[in-house]
Amino acid sequence: MSLLKDLSQRFGEAFVAAGVDRSAGLVVPSQRPELAQYQCNGALGAAKRAGRSPRDLAQTVLDALTDREIYASLDIAGPGFINIVVTDDYLAARARAMEEGDRCGLDVPDPKRKVLVDYGGPNMSKSMHVGHLRASIIGESLKRLFRVAGHDVAGDIHMGDWGMPVGQLIIELERHQPDLPYFDADYAGPYPEDSPVTLDDLSEMYPVVVERCQNEPEEAERARQATFDLQNGRRGYLALWRHYHDVSVAEQKADFEDLGVEFDLWRGESTVHDRLAPLVDRLMNDDGLAFESDGAVVVQVGREDDKTEMPPLLLTRSDGSYLYSTTDLATLDQRIEEGYDLVLYVVDARQGLHFEQVFRAARLAGIAPDSVGLEHTMFGTVNSPDGTPFKTREGGVLRLADLMKIVTDAARARLDEAEIAQDYPDDERDRIARQVGLGALKFGDLSNHRTSNYIFDLDRFTSFEGKTGPYLQYGAVRIKSILRRAREAGLTPGPIVAPTVDQERGLILRLLLLPETIERAVDVRAPNVLTEYAYEVATDFNRFYEACHILREEDSIRQASWLSLVDLTLRVLTLLLDTLGIEVPERM
Ligand code: ARG
């Protein structure tokens, strides 16, 4: 149990003894650290409800507290706040419990949820570009966050691999190579094993065909027809689809691996293909929820109190082909069958309307009972320093692989400038530059609240000073080297004892807030809660390290305790950075 939960429980019991609801006992960190460490504000509201004076109630609560020896001071302040300072012995005991427990003292959540994080979501046949960055980085971090918090979590890439873009790429290839067997509807033989195109080919073809379809209605019609034929099992198209799919996945897997993003499920829109027709049928015939409108099948999701009109959700086009909304609804149906009770869609804020429609349809159709959480965990865009969407110098869309090179090069320049890792072997320096570059990129992204747009500021992100990934990575590496030097000097960590120095106490107080920090980040689905806290841990550690000269300390019990504190700090920092998807080099 965390320190705050322990105190809240003790105060809760005292409130019960005073005839008030347990929930009034909530203890939180003090807003005035110079006055107290913690505070409990419950007497104010509870007294009001009970028609008593808050200060009187607070006094009754204090009188009812048991185990008084754990408090160094308890004061009633202002209208009835209780200010709490605990003893150094109590702090040390809590720190020891954290240090001895696995997972840095984090509890198993109640209720433990089965969570699906839908993120990344690249479309087939396109190289990943900077637009996929946030979906991947934020999604990965949220997946890790829920996992660290003790939930049962799976991450699903949910590739866009079944809609109109595929139809468009089919007609585009036919234009270039009409003689390929895939386009011959009468061809019954086997299809070639090798793909007729690379992902680069597809990436080049895609914008061309999209533009043609926009300008030429007959081309758009052909693409629609091809999509329909594919979805209805035309052999040649399916074979071609497989090639497109495989060349895309091969490159995307490599990109995601470079980025340190790992999916548990490599599913996509095509995965639920067999569910589409039965689902539409069910919604039309059993539920009477879906109906035909101008040949298309739609579900009315608008409500009377909608401020802006909510268009109906499209399930099929008039030619019978399925859409993004159909596959999302069917995918959700599958996820709920598989027992997920919280689904997070980590997708660009611009898809807000789409998800609102899908969620409403899912509730209306009983696909998602109210007990299942459906959330569009949206994020804003990455802009260049001039405020426009992030592009290459030539004005093109920046590929993810190129972006990785940019940040790695910038990190290498910073390492040179700071004369870090200069005499290491080349491959190790390369690895460190990559880790630091990625750390800069991820921290730079995740330290903004996910819904804000942010400016990609390479100089600031890669700096070893300030709230940056490199600062924290360097901090963690430094702690590793402190521990290494202590080991070399024959010193071993021992039980954490009562702190005697302010900076030491400050670090302990900070570390003990880990469980609530994780909880809060989970509650608001926001990794920036972790970046903030990680920075505070690193700064508090630096203060401690400046004040407490570990290697020179003469009292061996204190020295051993400090080493344990260093070790615990490293564990907490590593846990936080890992949850952010940031690696810590062995040395730097
Ligand atoms: N492929 C989609 C896109 O590129 C993102 C998919 C997001 N997930 C979902 N279940 N719709 O916009």
Side-chain angles (χ1 to χ4, degrees), residues 115-140 142-143 153-169 199 202-203 206-207 210 227 241 244-245 248-249 251-253 255-256 261 263-273 275-276 279 301 313-315 322-338 340 342-362 367-368 372-382 389 397-400 450 525:
V115 187
L116 188 125
V117 185
D118 175 321
Y119 69 105
N123 290 334
M124 196 169 104
S125 314
K126 280 200 270 183
S127 289
M128 303 241 306
H129 57 79
V130 68
H132 296 109
L133 197 65
R134 296 208 83 190
S136 309
I137 291 179
I138 299 172
E140 177 73 17
L142 288 174
K143 183 193 74 181
V153 193
D156 182 4
I157 185 169
H158 198 74
M159 271 180 78
D161 60 359
W162 203 236
M164 186 65 82
V166 190
Q168 290 174 321
L169 283 165
L199 186 58
L202 292 172
S203 301
Y206 186 67
V210 167
T227 309
W241 173 84
Y244 289 180
H245 182 270
S248 311
V249 168
E251 188 181 295
Q252 285 168 356
K253 277 210 162 132
D255 275 346
F256 280 119
V261 170
F263 297 99
D264 305 287
L265 302 169
W266 276 82
R267 293 181 180 170
E269 295 179 37
S270 66
T271 307
V272 292
H273 172 60
R275 291 172 167 266
L276 299 174
L279 179 74
V301 291
L313 181 84
L314 264 174
L315 290 181
Y322 302 107
L323 302 90
Y324 186 45
S325 36
T326 333
T327 51
D328 254 328
L329 208 54
T331 302
L332 181 55
D333 197 31
Q334 178 181 33
R335 288 171 178 170
I336 288 167
E337 265 177 38
E338 291 173 345
Y340 292 100
L342 177 61
V343 188
L344 302 183
Y345 295 83
V346 185
V347 185
D348 194 308
R350 285 169 293 194
Q351 293 196 27
L353 177 65
H354 165 75
F355 286 109
E356 182 60 28
Q357 289 178 299
V358 170
F359 296 168
R360 285 188 185 191
I367 288 173
V372 173
L374 302 178
E375 295 177 24
H376 177 198
T377 317
M378 62 180 90
F379 55 81
T381 50
V382 190
V397 183
L398 188 63
R399 283 201 186 193
L400 207 59
R450 61 180 162 76
R525 284 77 165 116

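In what follows, residues are counted from 1 in the order of the sequence shown. All ligand and atom numbering here is 1-based and tracks the order in the structure. The structure displayed is predicted, hence computed values, not measured ones.
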Would you call R335 and D156 a salt bridge, using N to O less than 4.0 angstrom? yes
Partner residues of Y345 under the ring pair (Phe, Tyr, Trp, His ring centres under 6.0 Å) criterion, sequence neighbours left out: F355, F359
Tell me whether the rings of W241 and W162 are parallel (<30°), tilted (30 to 60°) or perpendicular (>60°). perpendicular
Just do the side-chain hydrogen bond (donor to acceptor under 3.5 Å, both in side chains) check on H354 and D328 with the steps written out, would you? CA-CA 10 Å; H354 165 75; D328 254 328; 2.7 Å; yes
Once salt bridge (Lys or Arg N to Asp or Glu O under 4.0 Å) is applied, do any residues pair with R275, and if so which ones, sequence neighbours excluded? D333, E337
Go through the structure and list residues passing side-chain contact (heavy atoms from CB on, under 4.5 Å) with E356, not counting sequence neighbours. M310, R360
Provide, line by line, the atom pairs where ligand 1 and the protein bring an N/O atom each to a distance under 3.5 Å; else say none.
residue, atom, partner, partner atom, Å
ligand 1, 1 (N), G121, O, 2.9
ligand 1, 1 (N), N123, OD1, 2.8
ligand 1, 4 (O), G121, O, 3.4
ligand 1, 4 (O), N123, OD1, 3.4
ligand 1, 4 (O), N123, ND2, 3.4
ligand 1, 8 (N), D118, OD1, 3.1
ligand 1, 10 (N), D118, OD2, 2.8
ligand 1, 10 (N), D328, OD1, 2.7
ligand 1, 11 (N), Y324, OH, 2.7
ligand 1, 11 (N), D328, OD1, 3.4
ligand 1, 11 (N), D328, OD2, 2.8
ligand 1, 12 (O), Q351, NE2, 2.7

